[in-house]
Amino acid sequence: MAKRDESSELLRELVAHLRQNRTQLREEWVARISETRLLTAMTKEEIFAEATSVYDSYVEALETETFEALQAYARNLSERIIPRGVETHEVVGIVLLLRDVLARSLFAKYQTDFKKLNRILDAYEPAANRIANTVAVGFVQERERVIRQQQEAIRELSTPVLQVRERLLILPIIGVIDPQRARQLTEQLLRGIRTNRAKVVVIDITGVAAMDVTVANHLVQTVEASRLLGATVIVTGLSPEIAQTLVTIGVDLGKMNTVGDLQGGIEQAERLLGYKVAALAEPS
Amino acid sequence: MEVPILKQGAVLIATFQAALSDADLNQLRSALVQQVVRFRSRGVIVDVTAMDVMDSFASRTLREIAHMIRLRGAETVIVGIQPEVAFAMVQLGLTLEGVATALDLEEGLAYLNQKFKTVK
């Protein structure tokens with residue numbers, strides 16, 4: 001208990017010192033930041049403004065020894081600077097720079113009293129490390145949250161089932177298909193067939209460069225499941241690599257209806273549905 | 001539970017009301033195969049909308065029904081397979097190959113009428 005009290009006592013002294021030299025230390029810190037070419041995405045004024053509030057939150061966290069306010073501030077800061085393209089190493093770098101700047105000033109102040117310096121550092125270092133940790137973790141968590149959000153958005157965007165004519169659906173697939181996405185695509189397609197009463201479905205995989213054996217098998221199963229619902233599936237835009245994969249797994253070509261490109265697929269679908277598209281006049 | 005078989009013009013319609021036991025399926029098979037010639041029907045529709053599971057025996061029986069009826073001179077369409085059931089079936093390898101399928105009863109009738117026209 002006595003040790004704890006002493007440590008708080010020392011931290012209070014430390015905080016007083018940091019408050020007193022606020023302007024000078026802050027400027028030194030900002031100078032170090034631009035010297036090491038961190039935060040290049042931000043202007044000098046912005047860096048200075050952010051540095052001021054980081055400095056104050058830092059001192060406050062040292063004083064109160066609670067990190068919630070700092071955590072909230074770090075999250076808020078991350079939210080603002082992540083869209084500007086600030087990297088993790090920059091955030092960690094500036095917090096560590098601040099730690100170094102403050103440690104130097106402590107050395108300068110207590111250089112005559114080595115014992116006291118030692119004790120001050122004993123109190124300062126754990127707190128400073130925890131602050132650095134909190135800020136870095138806050139930044140990374142915020143980044144991960146943003147990434148998760150974007151992943152979700154992409155996933156929702158990536159599976160449109162479109163009706164182009166009465167009873168004709170198109171399912172354009174773009175990008176990498178993993179087993180999870182394949183399952184989602186199948187579910188959406190089968191549901192789409194039911195709700196739109198589709199007779200023909202064109203699955204266009206021009207935008208898919210390659211697929212592994214599992215996903216290729218899944219594609220074949222999707223075609224068969226659609227047939228059980230009474231819909232014919234036409235697959236278009238198979239790349240040579242995917243064709244190779246399908247041949248390797250030994251797909252029954254009698255079940256797979258394939259056409260070279262999307263246009264050909266739609267034309268065949270229209271024939272199956274009994275449509276005939278005719279030009280009314282020569283294009284001008 | 002026995003499956004009722006309705007006669008509608010040249011088409012016989014058998015609608016599953018609930019999940020069926022193996023004995024019920026066998027009974028349905030013999031009833032359909034007999035009646036298709038007795039009524040001089042040209043098409044048979046088996047409606048499985050009410051089935052939320054399709055095991056290998058049911059699936060094999062449906063295929064047998066379709067092939068036997070073909071040999072008795074008529075066409076068979078299986079209608080109303082639920083999306084989840086369809087995907088579970090292909091994952092188990094039960095794909096009803098060589099059997100016509102349609103979305104629902106209406107589609108099945110349209111399919112058969114189309115067939116009758118082309119045969120005529």
Side-chain angles (χ1 to χ4, degrees), chain A residues 159 161 163 166-169 171 177 179-201 203 213-233 235 246 249-257 271-275, chain B residues 11 13 15-16 43-56 58-63 65-67 75-115 117-118:
Chain A
T159 50
V161 179
Q163 175 159 351
E166 194 75 13
R167 330 209 63 185
L168 168 55
L169 294 182
L171 180 72
I177 314 181
Q180 192 208 344
R181 194 175 162 210
R183 197 164 47 240
Q184 195 193 0
L185 281 170
T186 307
E187 271 170 29
Q188 292 220 359
L189 177 63
L190 295 182
R191 224 172 295 142
I193 289 174
R194 244 190 117 71
T195 51
N196 294 302
R197 301 179 59 80
K199 273 209 91 73
V200 183
V201 178
I203 300 182
V213 173
T214 325
V215 174
N217 265 316
H218 200 98
L219 179 69
V220 177
Q221 288 178 342
T222 305
V223 171
E224 287 175 356
S226 304
R227 191 190 77 86
L228 289 178
L229 292 185
T232 309
V233 174
V235 182
L246 287 174
I249 64 173
V251 63
D252 181 353
L253 290 174
K255 289 179 192 162
M256 282 281 262
N257 206 340
R271 271 198 298 281
L272 284 174
L273 288 168
Y275 288 113
Chain B
V11 178
I13 303 172
T15 306
F16 286 23
V44 173
I45 293 178
V46 181
D47 184 356
V48 297
T49 310
M51 282 187 99
D52 41 20
V53 240
M54 179 87 74
D55 60 12
S56 58
S59 154
R60 204 177 65 224
T61 309
L62 285 177
R63 217 178 84 214
I65 289 174
H67 290 177
E75 283 288 329
T76 305
V77 196
I78 312 288
V79 305
I81 300 177
Q82 302 292 326
E84 304 81 43
V85 177
F87 197 66
M89 283 171 70
V90 293
Q91 279 185 322
L92 295 171
L94 314 170
T95 53
L96 293 179
E97 60 272 15
V99 181
T101 47
L103 191 69
D104 52 19
L105 191 57
E106 189 184 350
E107 286 301 309
L109 280 169
Y111 171 83
L112 286 178
N113 285 332
Q114 190 68 31
K115 273 261 158 168
K117 243 186 257 164
T118 50

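The figures here come from the full heavy-atom set of this structure, side chains too, leaving out hydrogens, waters and symmetry mates. Protein chains get the first letters and strands the later ones, always in sequence-line order, with residue 1 at the start of each. In this text the structure is predicted, and so the values were computed from the model without any measurement.
- For the atom pair CD of B:Gln91 and NE2 of A:His218, the computed distance is 7.0 Å after rounding to the nearest 0.5 Å.
- Contacts between A:Leu189 and chain B at a heavy-atom distance below 4.5 Å are absent for every atom of the residue.
- The side chain to side chain donor-acceptor pair (under 3.5 Å) check on B:Thr95 picks up B:Glu97, with sequence neighbours excluded.
- Between atom CZ of residue B:Phe87 and atom CG of residue A:Leu190 there is a gap of 7.5 Å, rounded to the nearest 0.5 Å.
- The nearest pair of heavy atoms linking B:Ala86 to A:Ala225 is CB-O, 3.7 Å.
- The residue among A:Glu187, A:Lys199, A:Gln221 with the most heavy atom pairs within less than 4.5 Å of chain B is A:Gln221.
- Interface remark: A:Arg183 contributes no atoms to any contact with chain B (heavy atom separation under 4.5 Å).
- Near-neighbour residues of residues 105-113 of chain B relative to chain A, defined by a heavy atom under 4.5 Å from a heavy atom of that chain, comprise B:Glu106, B:Glu107.
- Scanning both residues, B:Ile81 and A:Leu229, for their nearest heavy atoms gives O-CD2, 2.6 Å.
- Between B:Leu96 atom CG and A:Leu228 atom CG the span is 5.5 Å, to the nearest 0.5 Å.
- No part of B:Glu84 comes within reach of chain A, as not one of its non-hydrogen atoms sits under 4.5 angstrom from that chain.
- Taking CZ from A:Arg194 and CG from B:Asp104, the interatomic distance works out to 7.5 Å, rounded to the nearest 0.5 Å.
- Side-chain contact check for B:Val90 versus A:Arg227: every heavy-atom pair is 4.5 Å or farther apart.
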